[in-house]
Amino acid sequence: MILNNKVAIIEAGIGAMSLGFVEAGFQIKEIFVKDRKAIEIHRKNIGGKICERGLMELMPEEISDVDVIAIDLMQVFTSKNSGKSEFEPHGFNETPLKRTAEIIKWKRPHMFFLVMQKGMHKNPMWSGFCDEICQTGYNITWRVLSSREITGYPVREEQLYAIGSRIPDYQYEFPGYRDLGITIPVHKFISDMEEDGWYYRINRDEISEESKEDSFLCWRKDKYVEQPYVGWNLIKIPLIRVNGIIHRLSHKEMAVLKGFPKNYDMNRSNRAWWMSGQIMQELLEFFIRRSREKLSETHHYIPCIIRTVSNKVRKTQNFDDSGK
């Protein structure tokens, strides 16, 4: 089986996944993203064929023949806040996963890569999706991964990552965690770009300070409190304190915490609230960029999620609650 490292990326957001595949040596055949502001950011930083389509508007026949189909379901898999039925016990809308299954069965890529909310593995529709796809000849490996524990970035963030393959005897092995004592210092994420004074106009009565050390300050109930790791909140944007100076995290600083390089053009003309929301939704680009796998039969690199794994591949085991 000869692979040409061609990938189609669906729900590409502002480019974290796209950038990861590019830096892992893949040729992006096409990118599907619905938001026009996000399309502009893609064009500035990555280029290539970009189609103004989201997952729910996309027909399978519109996708080119590629080796890998990658879908960021975090962009569309919103949770239902009310009216949970017996068929949706965990409150997730099942339509995006059904559309994903349609695309995979129609296009039959050698591999597919999905990212979604961590709670999905507890939902019956996820096990139903796995059963349906495995019946068509795929093996699926999945796991809930912590950004901080894998990358060392001071971010409190977990997502479910899944890799499906119909390559014979293929199994992706997710990595072990890093030494949790090794976390990149907070000051490394400070932007050297001068920001608007709004980022420094903060109500001090809303801040509970217990020290003067470099730290993030994240919203908890009714106050900003010191945290060693940042947690995302679109309404109450996290703060950062370095050398005693406190300011709101800027777009650039959020982007670096998400793994984007500092020279990634986020188009500063976009509104602050839109850009902040887009960056918070992005998966860590670092996850994809730092990981690729050399298949012994093809000698082509396949970017998975986390790290380079052994050339010796094994058949995917049965699923259990950890995704192993």
Side-chain angles (χ1 to χ4, degrees), residues 1-12 17-18 20-21 24-32 55 58-73 94 96-116 120-121 125-145 159-175 283 287-288 291-320 322-324:
M1 181 180 295
I2 302 299
L3 306 184
N4 296 311
N5 288 354
K6 293 182 179 179
V7 60
I9 299 175
I10 302 170
E11 293 294 344
M17 187 184 290
S18 306
F21 275 101
F26 264 62
Q27 175 189 346
I28 297 182
K29 187 77 172 179
E30 55 202 1
I31 293 167
F32 296 92
L55 174 67
L58 181 61
M59 301 301 293
E61 54 266 32
E62 295 180 82
I63 304 170
S64 298
D65 293 332
V66 291
D67 301 301
V68 179
I69 290 178
I71 306 176
D72 183 1
L73 288 164
E94 64 181 329
L97 204 57
K98 286 184 176 180
R99 177 56 59 88
T100 298
E102 291 172 6
I103 288 172
I104 292 170
K105 290 191 295 182
W106 180 281
K107 297 304 299 183
R108 291 192 55 77
H110 298 305
M111 301 181 71
F112 62 84
F113 163 53
L114 310 176
V115 58
M116 65 199 80
M120 272 302 304
H121 72 285
M125 67 181 175
W126 171 245
S127 57
F129 169 85
C130 292
D131 290 342
E132 179 181 357
I133 297 301
C134 286
Q135 289 175 8
T136 66
Y138 285 92
N139 289 318
I140 299 177
T141 307
W142 62 267
R143 184 172 293 180
V144 174
L145 296 173
Q159 282 106 12
L160 187 153
Y161 294 87
I163 294 174
S165 171
R166 60 183 183 87
I167 299 173
D169 300 320
Y170 173 86
Q171 182 190 9
Y172 177 74
E173 296 180 3
F174 287 97
L283 72 155
F287 272 16
I288 303 173
S291 62
R292 59 191 71 176
E293 177 174 8
K294 188 177 182 181
L295 295 179
S296 57
E297 292 184 0
T298 66
H299 303 287
H300 284 270
Y301 283 100
I302 302 295
C304 297
I305 318 305
I306 310 302
R307 62 171 180 148
T308 303
V309 299
S310 169
N311 290 338
K312 184 177 181 180
V313 292
R314 297 172 300 184
K315 191 173 181 64
T316 301
Q317 303 297 315
N318 291 331
F319 306 128
D320 62 20
S322 68
K324 295 178 181 177

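By convention here, the first residue in the shown sequence is residue 1. Only a predicted model underlies this, so the values are computations on that prediction, with no experimental measurement involved.
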Heavy-atom pair of closest approach, residues Leu73 and Pro96: CD2-CB, 4.0 Å
Check for a donor-acceptor pair, side chain of Asp72 on one end and backbone N or O of Ala12 on the other, with a separation under 3.5 Å. no
Walk me through it: do Ile167 and Met111 pass the test side chain to side chain contact (heavy atoms under 4.5 Å, CB included)? CA-CA 8 Å; Ile167 299 173; Met111 301 181 71; 3.9 Å; yes
Which heavy atom of Glu11 sits nearest a heavy atom of Leu55, and at what distance? OE2-N, 2.7 Å
Hey, does the side chain of Glu132 reach the backbone of Phe129 with a donor-acceptor pair shorter than 3.5 angstrom? no
Strictly distance-based, threshold 3.5 Å: is any side-chain N or O of Asn5 a donor or acceptor partner for the main-chain N or O of Gln27? no
Side chain to side chain contact (heavy atoms under 4.5 Å, CB included) assessment of Ile140 paired with Ile133: CA-CA 8 Å; Ile140 299 177; Ile133 297 301; 4.0 Å; yes
Main chain of Pro60, side chain of Glu102: is a donor-acceptor contact present, judged purely on distance under 3.5 Å? no
Please report the interatomic distance NE2(His121) to SG(Cys130), rounded to the nearest 0.5 Å. 11.5 Å
Please report the C-alpha distance between Phe112 and Ile103 in whole Å, then the side-chain angles of each, then the deciding distance to 0.1 Å, and finally whether the side chain to side chain contact (heavy atoms under 4.5 Å, CB included) criterion is met. CA-CA 10 Å; Phe112 62 84; Ile103 288 172; over 6 Å; no
Side chain proximity check, Ile10 to Ile69, heavy atoms < 4.5 angstrom: yes
Distance in Å, Thr100 OG1 paired with Ile71 CD1, rounded so as to fall on 0.5 Å steps: 4.0 Å
dist Glu30:CD -> Ile9:CD1 (nearest 0.5 Å) comes out at 10.5 Å
Using modelled atom types only, decide if a donor and an acceptor are shared between the side chain of Arg108 and the backbone of Thr136 within a distance under 3.5 Å. yes
Apply side chain to side chain contact (heavy atoms under 4.5 Å, CB included) to Ile104 and Tyr138, showing your working. CA-CA 10 Å; Ile104 292 170; Tyr138 285 92; 3.8 Å; yes
How are the rings of Phe113 and Tyr161 set to each other: parallel, tilted or perpendicular (split at 30° and 60°)? parallel
Mark yes or no for whether Arg99, through its side chain, and Leu58, through its backbone, hold a donor-acceptor pair below 3.5 Å. yes
Flag side-chain contact, heavy atom, 4.5 Å: Pro109 against Val68: no
In this structure, CZ of Arg143 is separated from CD1 of Ile163 (nearest 0.5 Å) by 11.0 Å
Exercise: identify the closest heavy-atom pair between Lys29 and Ser64: CG-CB, 3.8 Å
Provide the closest heavy-atom pair for Met17 versus Ala70 in the form atom of the first, atom of the second, distance. SD-CB, 3.4 Å
Main-chain N/O of Ile28 paired with Lys6 side-chain donor or acceptor, under 3.5 Å: no
What distance do Trp106 atom CH2 and Glu62 atom CD have between them, rounded to the nearest 0.5 Å? 11.5 Å
To the nearest 0.5 Å, how far apart are CH2 in Trp126 and CD in Glu94? 14.5 Å
